[in-house]
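So that the names make sense, note that chain A is the first sequence line, chain B the second, and so on, each numbered from 1. No experiment lies behind these values; they were computed from the predicted model shown.
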Amino acid sequence: MTMLAVIAADPATSVQDGGRHGAQRFGLSPSGAMDAASLALANALVGNPPLAAAIEVGPFGAAFAARDGSVRVALAGAQRHATLAGAPIAAQRSFVIAEHETLTLGPARDGVFSYLAIEGAVHGVPVFGSLSVNVRAGLGSPFPRGLEAGDVLQVDDIRPLRSERGAPPIHRDAGPIRVIAGPQDDEFEPAAMGVLIEREWMLAAASDRMGYRLEGPPLRHPNGHNIVSDGTVTGSIQVPGSGQPIVLMADRGTTGGYPKIATVISIDIGRLAQVRPGQSIRFALIGVEEALRLARRHAADLAALPGRITEIGEIALDVASLQDANLAGVAVSAVDAATWQAPGADAGGEP
Amino acid sequence: MTAPDAPLPRILPCGDAALTVEFGRSLDETVNRTVLAFDRAVAAEAIAGIQETVPTYRSLLIHYDALTVDFGSLRQRLLALAVKPLVPVATTRRWRVPVVYGGDYGIDLDDVARTHGISADDVVARHMAGDYFVAMVGFTPGFAYLSGLDPTLATSRRSEPRPSTPPGSIHIGGAQAAIQCLAGPSGWHLLGRTPVRTFHPRRAPVFLIAPGDAVTFYAVPAAEFAALDRAAEAGEPVAELVTP
């Protein structure tokens, strides 16, 4: 059986998919990919369903090797230096790690999380329909924790393909992170929303999959910072007594007792997830209708993703020999010049 | 449940894929029971696009797929549902939960007793006499918030939360009581520990206790904890289910 062996990893690298839904009423957070659009892109490149389980590679990088066969993978998300058997390899394309070859992913250069999708997806035993790692809950499969050197993932044998596949970057709006007011904006002093929107916020180092902590001018709640607990969502901007907001992320608690001044819209969660500690962000206030318009456009973009996958070198290269090369597991980075990507570019999911 | 002239709940957007139906803003058992009854009414209505709901003390959080049902039409349907009479939530399950009180199992028992000028035994007796109602499960997996704490035991939360408290902690904070399943930070006062896993990922069912259930506690000697803990880890409920 073909395996992908973990050569190096740290706790910030874990198996994630579209998340665990249906048990928030029991206190179980959804987890799942921090940047779902990048997960979808990586999966599309290896022919998987968009939210299939893949390896979420954290900011520090990781290394993997193929054992007892070759493994087809694709990388999307944060930009980082990647080498296959020592030769640079581009993101946003599929490629084969031949038996005994090692794929080394360096630290993220721009963004935080990358997704290494494996053809046929990560295999495991789902709980509430998900393989996503949730360390606090002891959930996740095949390992209920971040990946460690020595871990081995069972993977599918590679399918014969005429050509490896590439894709242009997914469309992602630039500019401020968009939020919808509430649900507890009335717990704050009237000026607080203006402060949230008009000022810059720096992402604090103590940010993780549970929450992104922001530093800036304090947001004040005249009636105190405790409310009777109610539900949270991914993107809730809760403000504890310090006045410094925390954007709740995939591994958040399902309920909380701090007022939530606003909520980041769904399609900007992935963009926020890729902000690095020390970087500054701004927020913009929009309405529910505008958010729905943006969500529809984003859903259409994702639905169109498989149609935008192109066979790399389908014109310029001899298909039969490329297929032979792939099956033989030869690194396909040699065809980079024939792709839509600039030669030598290390394209990531962040335009 | 709600009187015909009861004020309509507030419907508040939580981003573009969830909304909160807020029935009150305070810790109030009537409000909580209205939330639970409304949760069941929403489930019975089977509204297309609703993905999951999270009942809490004061509000029902509804996660929805905005591409299937938009905020405006979902809001209208929920408000229409809210004016109909709700079927009160009848408690159909009661759990008897074993607790080892005090000592290393409940390091704050003596402090709580001192705070209220009563003996540790009195605290245990009053805690055990309580007939609790699972108001909500949230924050971390299996963390059951209970209403029904004897008001004479109400104790302000610690000024300095502890960074870690043991799994199975039985504690009180303010006027609330709780069963905590996993180890985690807490500013509440630890009265004891239960071997019961309200959440166990390798057991069917994964979650033992649900909102709307009733809970009572009974004391077990510390000497029995290890055996009960092994049974719970092996997948036994350990808590006794009484169907009224």
Side-chain angles (χ1 to χ4, degrees), chain A residues 21-30 127-128 134 136-140 144 178-187 226-237 252-257 260 262-269 286-296 298-300, chain B residues 10-20 22 24-28 31-32 35 39 51-63 65-67 70-72 75 135-145 157 174 176 181-184 198-202 206-211:
Chain A
H21 302 286
Q24 294 193 63
R25 59 170 45 241
F26 293 110
L28 186 59
S29 53
V127 172
F128 289 105
N134 176 339
R136 235 175 6 151
L139 289 177
R178 289 152 299 187
V179 302
I180 292 172
Q184 281 102 29
D185 45 319
D186 55 357
E187 292 276 346
N226 286 305
I227 61 167
V228 174
S229 288
D230 78 341
T232 67
V233 303
T234 301
S236 292
I237 305 177
R252 67 191 152 79
T254 55
T255 61
K260 298 172 283 291
T263 313
V264 176
I265 65 170
S266 311
I267 68 163
D268 280 356
I269 296 289
I286 66 169
V288 176
E289 295 76 16
E290 170 70 357
L292 178 58
R293 191 186 66 75
L294 294 167
R296 284 201 175 112
H298 183 73
Chain B
R10 298 205 304 166
I11 297 195
L12 309 167
C14 299
D16 58 342
L19 58 79
T20 285
E22 188 180 82
R25 309 186 83 166
S26 54
L27 262 186
D28 178 330
V31 169
N32 178 232
V35 170
D39 181 38
Q51 294 168 321
E52 62 179 305
T53 61
V54 184
T56 66
Y57 276 111
R58 63 190 198 140
S59 60
L60 183 68
L61 177 68
I62 298 179
H63 293 270
D65 173 13
L67 302 179
D70 66 88
F71 177 77
R75 180 176 183 278
M136 60 183 262
V137 180
F139 182 51
T140 58
F143 190 114
Y145 291 84
R157 295 174 201 186
Q176 297 167 268
C181 186
L182 303 176
T198 52
F199 163 71
H200 191 325
R202 293 171 304 283
V206 170
F207 294 100
L208 213 54
I209 293 178

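- When the candidates B:Asp39, B:Leu19, B:Val35 are compared by the number of heavy-atom contacts under 4.5 Å with chain A, B:Asp39 comes out ahead.
- With respect to chain A, the highest number of heavy-atom pairs below 4.5 Å among B:Leu27, B:Leu60, B:Thr20 belongs to B:Leu27.
- For the set A:Val233, A:Asp185, A:Val179, the count of heavy-atom pairs under 4.5 angstrom toward chain B peaks at A:Val233.
- Residue A:Ser266 touches chain B through both its backbone and its side chain, counting heavy-atom pairs closer than 4.5 Å.
- When side chains are defined from C-beta on, A:Thr263 counts as touching A:Pro183, because their heavy atoms get closer than 4.5 Å.
- Listed for the B:Thr56 side chain is no donor-acceptor partner under 3.5 Å among the backbone atoms of A:Asp230.
- For chain B, no part of A:Ser236 is nearby; none of its heavy atoms comes within less than 4.5 Å.
- Put simply, of B:Gly15, B:Gly184, B:Ala144, the one with the most heavy-atom pairs under 4.5 Å next to chain A is B:Gly15.
- The choice from B:Ala17, B:Ala66, B:Pro201, B:Pro13 that makes the most heavy-atom pairs within less than 4.5 Å of chain A is B:Pro13.
- Using cut-offs of 30° and 60° for the angle between ring planes, the B:Phe143 and B:Phe139 rings count as perpendicular.
- Applying the salt bridge (charged side-chain N to carboxylate O under 4.0 Å, His left out) rule to B:Arg75 yields no partners; only residues at least two apart in sequence or on another chain are considered.
- A side-chain donor-acceptor contact under 3.5 Å links A:Gln184 to the backbone of A:Lys260.
- Looking at A:Leu28, both its backbone and its side chain come within 4.5 Å of chain B, counting heavy atoms on both sides.
- Residue contact with chain B, scored on non-hydrogen atoms closer than 4.5 Å, is absent for A:Glu289.
- Contact annotation for B:Thr140: both backbone and side-chain heavy atoms come within less than 4.5 Å of a heavy atom of chain A.
- The heavy-atom pair separating B:Ala135 from B:Pro211 by the smallest distance is O-CB, 4.4 Å.
- Looking at A:Thr232, the atoms closer than 4.5 Å to chain B (heavy atoms on both sides) all sit in the backbone: N, CA, C or O.
- Both the backbone and the side chain of B:Tyr57 come within less than 4.5 Å of a heavy atom in chain A.
- To the nearest 0.5 Å, the span separating CZ on A:Arg296 from CD1 on A:Ile267 amounts to 13.0 Å.
- If you measure heavy-atom distances from A:Ala262 to chain B, you find no contacts under 4.5 Å at all.
- No donor-acceptor pair under 3.5 Å is formed between the side chain of B:Gln176 and the backbone N or O of B:Tyr145.
- The salt bridge (charged side-chain N to carboxylate O under 4.0 Å, His left out) search around B:Glu22 returns B:Arg10, B:Arg25, B:Arg58, not counting sequence neighbours.
- Between atom CG of residue B:Leu61 and atom OG1 of residue A:Thr254 there is a gap of 9.5 Å, rounded to the nearest 0.5 Å.
- With a 4.5 Å cut-off on non-hydrogen atoms, A:Ile265 touches chain B through its backbone and its side chain both.
- Contact annotation for A:Asp268: neither backbone nor side-chain heavy atoms come within less than 4.5 Å of a heavy atom of chain B.
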